[in-house]
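Beneath this line is the structure, given in structure tokens, with notes to follow.
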Amino acid sequence: MVSQPTKQDWIGVFSLGLIWGGTFMVVAMALEGYGPITVATSRTTLGALTLLVLMQITGRRFPTLTPALGGSIILIGVLSTAIPFMLLSWGQQFVPSAFAGLSMAAIPLMVLPLAHFFSDEPLNLRRFLGVCLGFSGALVLIGPGLLQLGQGTEPLAQMACITAALCYAVSSILTRRCPPIDPVALAALTLLVGAALLLPIMLMTEGLPDWQGTRPTLALIVLGLVPTALANLLRVSITRSAGSVFLTLVNYQVPVWSMVFGAWILSEALPLRFYIALTLILTGMAISQWFSLRKALMGR
């Protein structure tokens, strides 16, 4: 039976929403100077190195790799880092970041049936209604036009973003089903798998990166440290503690924070639909996780 989310899980979910909400903006900055494969490889490699150093500092040891554990780590690494990072970096060259945000908001609809059949999180009417309400809020937030099929390369880029969302959905189920392992070790090893897969692809397609200016390079560093190393650690910890369905609450927040960052950093106006969507999203989150939310807020 899946555990009820704790107050720490709720704090982690909102933190992940904030971090991932700003990721698309930082990726766009990195793409100003570097190719998409280089961006995906750099953030994965730096994230892996960061968590390996953290393991060394905290005295954590790598687990004994059984066939089941080793297979889980490889699959999670491929589906949670290598493939989606590469697809999103490439896709953002041709579609608005808002479309990428909408793709992430679709993850809960993908996770619900997967979790029902392949994990200990059965689908019920309350969860289903909450997820649908949250997704409708994401649709309102993005607004009209972005769901239209684009021209030229744009349809492939749209499919790349949606496929990345599917990868995240499957990897969250696999993370939940993974044999017992320290969350830091799991996060480090899955990023290491992603880096090992992406490095040769980068060398064959884009070669070793050169210095491309301060802003794109700083963006690469930030990507590796915050939305990759720190966020992957939070993602693994929350999924192992509270389940994959609970983790999907992050994805409703991504387009919200994307617009907040746009208003804050780029001085963009927040339209009326932002406030309507925010109400729908928060209501959906409350409905789908009502009992754990009440426990976290009231301490019982």
Side-chain angles (χ1 to χ4, degrees), residues 12-13 15-31 33-58 60-63 72-92 100 104 164-165 167-168 170-172 174-175 178 181-203 206 208-209 212 215-240 247 250-251 254 257:
V13 153
S15 299
L16 268 180
L18 175 62
I19 291 170
W20 282 343
T23 298
F24 299 110
M25 178 181 63
V26 182
V27 168
M29 293 178 182
L31 288 170
Y34 299 97
I37 309 300
T38 300
V39 171
T41 304
S42 298
R43 65 180 292 194
T44 309
T45 304
L46 181 56
L49 292 175
T50 302
L51 291 183
L52 289 174
V53 170
L54 178 61
M55 286 188 64
Q56 184 68 29
I57 293 174
T58 56
R60 286 178 164 84
R61 295 182 178 275
F62 285 112
S72 293
I73 289 171
I74 291 173
L75 283 175
I76 295 168
V78 170
L79 292 174
S80 70
T81 62
I83 294 178
F85 287 179
M86 187 165 52
L87 289 175
L88 287 172
S89 295
W90 180 81
Q92 271 196 255
M104 299 304 102
C167 287
Y168 283 135
V170 175
S171 71
S172 70
L174 293 174
T175 300
C178 181
I181 180 176
D182 178 80
V184 179
L186 180 58
L189 288 171
T190 52
L191 282 171
L192 200 59
V193 168
L197 181 63
L198 288 174
L199 272 169
I201 297 176
M202 181 192 73
L203 293 175
E206 298 177 358
L208 285 173
Q212 297 295 329
R215 178 162 142 145
T217 304
L218 285 178
L220 281 185
I221 295 172
V222 170
L223 281 173
L225 295 178
V226 183
T228 304
L230 175 60
N232 204 46
L233 180 57
L234 283 173
R235 180 188 64 81
V236 167
S237 179
I238 294 168
T239 304
R240 301 288 282 176
L247 182 71
V250 171
N251 301 287
V254 170
W257 284 113

Report the C-alpha separation of Thr41 and Ile201 in whole Å, then their side-chain angles, then the decisive distance to 0.1 Å, and conclude whether the side chain to side chain contact (heavy atoms under 4.5 Å, CB included) test is met. CA-CA 9 Å; Thr41 304; Ile201 297 176; over 6 Å; no
Does the [X] side chain pair with the main chain of [Y], one donor and one acceptor, at a distance under 3.5 Å?
{"X": "Ser237", "Y": "Leu234", "answer": "no"}
{"X": "Thr38", "Y": "Tyr34", "answer": "no"}
{"X": "Thr81", "Y": "Gly77", "answer": "yes"}
{"X": "Arg240", "Y": "Cys178", "answer": "yes"}

Compare every heavy atom of [Y] with every heavy atom of [X], then report the nearest pair and how far apart it is.
{"X": "Pro209", "Y": "Met202", "value": "CD-CE, 4.1 Å"}
{"X": "Ile238", "Y": "Val13", "value": "CD1-N, 3.6 Å"}
{"X": "Phe85", "Y": "Ser80", "value": "CE2-O, 4.0 Å"}
{"X": "Ala219", "Y": "Met29", "value": "CB-CB, 3.9 Å"}

Test log, rule side chain to side chain contact (heavy atoms under 4.5 Å, CB included), inputs Ile19 and Trp257: CA-CA 9 Å; Ile19 291 170; Trp257 284 113; over 6 Å; no
Result block: side-chain N/O donor-acceptor pairs under 3.5 angstrom for residues 192-199, not counting sequence neighbours:
none

Heavy-atom side-chain contact between Arg215 and Leu220 under 4.5 Å: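 No; the side chains remain at least 4.5 Å from each other.
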Please examine the side chains of Thr228 and Leu46, heavy atoms only from C-beta on, and report whether any two atoms are closer than 4.5 Å.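 They are not in side-chain contact.
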I'd like to know whether Leu87 forms a side chain to side chain contact (heavy atoms under 4.5 Å, CB included) with Gln92, so could you lay out the CA-CA distance, the side-chain angles of the two residues, the decisive distance to 0.1 Å, and finally the verdict. CA-CA 9 Å; Leu87 289 175; Gln92 271 196 255; over 6 Å; no
Could you grab the distance from atom CG of Leu49 to atom CG of Leu54, nearest 0.5 Å is fine? 12.5 Å
Check step by step if side chain to side chain contact (heavy atoms under 4.5 Å, CB included) holds for Val39 and Leu223. CA-CA 9 Å; Val39 171; Leu223 281 173; 3.9 Å; yes
